[in-house]
Amino acid sequence: MDEMKGAAGADEVCVAVLCAAWCRTCDAYAPVLDAVAAEFPGLARRWIDIEDEADLVGDLDVETFPTVLVFDRAAVRFCGPLTPQPETLRRVLRAALDDPRPARALAPEVAELAGRLRDEVFA
């Protein structure tokens, strides 16, 4: 993987998947996440059941499952629903690693969740 100058390495990026235990699409996404993340050594991963970890999720309203959040130590790079195809996740992760700019037009609740996760993931 070619990284642009100034881009974060995989060891400085986390992919978090927001899901629900009752969501069958999320069940199908778990092995996709594991397989694709293995292609990015050092990438931090976090699986979040929005009902079991409601305090962590806070006021973020997750409407579509799975919703994927990609962030680094400074900013959210991506947040949105993804279909459970490996190439889709692969493209999002490559883009996050290659382009250090934060995602645009995010709800404040997304940034707040990323902040809580940073304390946990990059401690």
Side-chain angles (χ1 to χ4, degrees):
M1 171 179 14
D2 296 329
E3 292 184 20
M4 293 173 36
K5 186 176 181 181
D11 59 338
E12 298 174 348
V13 174
C14 179
V15 57
V17 178
L18 291 93
C19 60
W22 48 262
C23 176
R24 299 299 63 103
T25 303
C26 292
D27 289 344
Y29 202 79
V32 170
L33 174 64
D34 290 341
V36 172
E39 299 172 21
F40 297 86
L43 178 73
R45 294 177 288 192
R46 183 67 159 75
W47 191 268
I48 302 167
D49 184 307
I50 66 162
E51 294 168 342
D52 290 346
E53 296 188 75
D55 289 342
L56 175 66
V57 175
D59 292 330
L60 179 62
D61 186 21
V62 180
E63 296 178 4
T64 306
F65 298 101
T67 291
V68 175
L69 172 65
V70 181
F71 62 95
D72 61 20
R73 294 176 185 270
V76 173
R77 302 289 187 85
F78 174 85
C79 184
L82 288 183
T83 57
Q85 283 78 33
E87 190 53 39
T88 304
L89 179 58
R90 203 173 282 120
R91 262 193 323 269
V92 167
L93 291 175
R94 283 187 187 129
L97 291 170
D98 289 345
D99 187 351
R101 293 176 295 177
R104 292 183 273 164
L106 293 173
E109 295 85 3
V110 172
E112 292 166 5
L113 172 58
R116 290 187 291 275
L117 287 167
R118 274 187 200 97
D119 294 341
E120 174 187 313
V121 172
F122 300 125

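In this structure, the separation between CZ on F65 and SG on C19 is 8.0 Å, given to the nearest 0.5 Å. One finds the CD atom of E109 at 6.0 Å from the CD atom of E112 (value rounded to the nearest 0.5 Å). Atoms CG and CG, from L33 and L43 in turn, are 8.0 Å apart once rounded to the nearest 0.5 Å. Between C14 atom SG and D72 atom CG the span is 10.5 Å, to the nearest 0.5 Å.
Connection of V15 to L106 is not established within any shared hydrophobic cluster, with ILVMFWY side chains joined at heavy-atom distances below 4.5 Å, either directly or through further cluster members. When hydrophobic clusters are built by joining Ile, Leu, Val, Met, Phe, Trp and Tyr residues whose side-chain heavy atoms come closer than 4.5 Å, directly or via intermediates, V76 is grouped together with L113. L18 and F78 fall into different hydrophobic clusters, where Ile, Leu, Val, Met, Phe, Trp and Tyr residues are linked whenever their side-chain heavy atoms come under 4.5 Å apart, directly or through other members. Note: the hydrophobic cluster containing W47 does not contain W22 (ILVMFWY, side chain heavy atoms under 4.5 Å, direct or indirect links).
Scanning both residues, R90 and F40, for their nearest heavy atoms gives O-CZ, 4.1 Å. Closest approach of A20 to C26, counting heavy atoms only: N-SG, 3.9 Å. Of all heavy-atom pairs spanning A16 and L117, the tightest one is CB-CD1, 4.1 Å.
Here the side chain of D49 pairs a donor or acceptor atom with the backbone of A21 at under 3.5 angstrom. A donor-acceptor distance shorter than 3.5 angstrom exists from the side chain of R77 to the backbone of D99, with no hydrogens or angles considered. For the pair R46 (side chain) and V121 (backbone), a donor-acceptor distance under 3.5 Å is absent. Proximity of a side-chain donor or acceptor of R116 to a complementary backbone N or O of V57 within less than 3.5 Å is detected.
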* **side chain to side chain contact (heavy atoms under 4.5 Å, CB included) assessment of Y29 paired with L89** => CA-CA 10 Å; Y29 202 79; L89 179 58; 3.5 Å; yes
* side chain to side chain contact (heavy atoms under 4.5 Å, CB included) evaluation trace for C79 with F71 -> CA-CA 9 Å; C79 184; F71 62 95; over 6 Å; no
* For the pair I48 and V17, evaluate side chain to side chain contact (heavy atoms under 4.5 Å, CB included) and give the outcome as yes or no after the intermediate values. => CA-CA 6 Å; I48 302 167; V17 178; over 6 Å; no
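Using a cutoff of 4.0 Å between basic side-chain nitrogens and carboxylate oxygens, R45 and D34 are scored as salt-bridged.
Annotation for D55: atom CG does not count as buried by contact number, only 12 or fewer foreign heavy atoms lying within 6.0 Å.
E63 pairs by the side-chain hydrogen bond (donor to acceptor under 3.5 Å, both in side chains) definition with nothing, not counting sequence neighbours. Under the side-chain hydrogen bond (donor to acceptor under 3.5 Å, both in side chains) criterion, D52 pairs with no residue at all, not counting sequence neighbours.
Among L69, T67, V110, I50, the one residue that satisfies the side chain to side chain contact (heavy atoms under 4.5 Å, CB included) test with L60 is V110.
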